[in-house]
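Notes for the one structure printed next.
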Amino acid sequence: LEGRLTLRPLPDLAPGLQLSAFLLAGKGNTAAAPDWEVMALMASWESALLVLTGQWVDATGNQKGTAVSPLGRALPAGGWSVFAEGRLSSRWSLIGRYEIYDPNSDAPRDANQRVITGVAYHLGKGNTVLVDADRVSYDDPTRADFTRLQLTFQVKY
């Protein structure tokens, strides 16, 4: 079962503001079929020069059915994220994202933090080239942090 509700609460005062709620309930895809539930909230605002979003998620289990305890109980997870895109011109923009996600809220020191920063060049007609740096760090000292540089071509046809 899945559903989403999206509202534009102030269409005249803030036409770029949008609020969404997403709910999902099901069973994981294993023989044990553990519960899988997601509740996510998102707020976004868009203008000609700036895009801002904030997201929050609270979940139990996962679609694969693998996010379970040794006793087969679906594990709680959750996190939040913020994103911004500043449009410098019709061709150039800067992006930034920060998130914290905990894949098992019952376990200590397993959360991670992610920071993504980048620059985009918009070729026109929805086609974009993006260069970004993605840094993930872990609360668990036995897991190595990593940084990735990435080049993405978005092609719209």
## Note on the structure
Taking every heavy atom of Asp145 against every heavy atom of Ser137, the minimum-distance pair comes out as OD1-CA, 3.2 Å
## Note on the structure
In short, salt bridge (charged side-chain N to carboxylate O under 4.0 Å, His left out) pairs touching residues 100-110 with sequence neighbours left out are Arg73-Asp106
### Passing option when Asp134 is tested against Gln150, Arg97, Arg148 for side-chain hydrogen bond (donor to acceptor under 3.5 Å, both in side chains)
Arg148
### Task
Kindly state each residue pair satisfying side-chain hydrogen bond (donor to acceptor under 3.5 Å, both in side chains) with at least one member in residues 37-53, sequence neighbours excluded.
Glu46-Arg87
### Query
Minimum heavy-atom separation for Ala77 to Pro103, with atom names?
CB-O, 3.5 Å
### Query
Quick one: salt bridge (Lys or Arg N to Asp or Glu O under 4.0 Å) partners of Lys27, sequence neighbours excluded?
Asp35
### Task
Answer with yes or no whether the side chains of His122 and Ser93 bring together a donor and an acceptor at under 3.5 Å.
yes
### Query
Of all heavy-atom pairs between Ala59 and Val38, which one has the smallest distance, and what is that distance?
CB-CG2, 4.2 Å
### Task
Determine, step by step, whether Phe83 and Ile95 satisfy the side-chain contact (heavy atoms from CB on, under 4.5 Å) criterion, reporting the C-alpha distance in whole Å, the side-chain angles of both residues, the deciding distance to 0.1 Å, and the verdict.
CA-CA 7 Å; Phe83 170 84; Ile95 66 154; 4.0 Å; yes
### Query
Do you know the tightest heavy-atom contact between Gly126 and Gln154?
O-NE2, 2.9 Å
### Message
Among residues at least two apart in sequence or on other chains, which ones pass side-chain contact (heavy atoms from CB on, under 4.5 Å) with Arg8?
### Response
Gln18
### Task
Kindly write out the residues that satisfy salt bridge (Lys or Arg N to Asp or Glu O under 4.0 Å) with Asp140, not counting sequence neighbours, or none if the list is empty.
none
### Query
Can any side-chain N or O of Asp58 pair as donor or acceptor with the backbone N or O of Gly78 at less than 3.5 Å?
no
### Message
Tell me whether Asn127 contacts the main-chain N or O of Lys156 through its side chain, where contact means a donor paired with an acceptor under 3.5 Å.
### Response
yes
### Task
May I ask you to check whether over 12 heavy atoms, not counting those of Arg143, lie within 6.0 Å of atom CZ?
no
### Task
State whether a side-chain donor-acceptor pair under 3.5 Å links Asp139 with Gln113.
yes
Extract all donor-acceptor atom pairs below 3.5 Å that involve side chains of residues 19-26 and protein atoms in other chains or at least two apart in sequence.
from: Ser20; atom 1: OG; to: Thr6; atom 2: OG1; distance (Å): 2.9

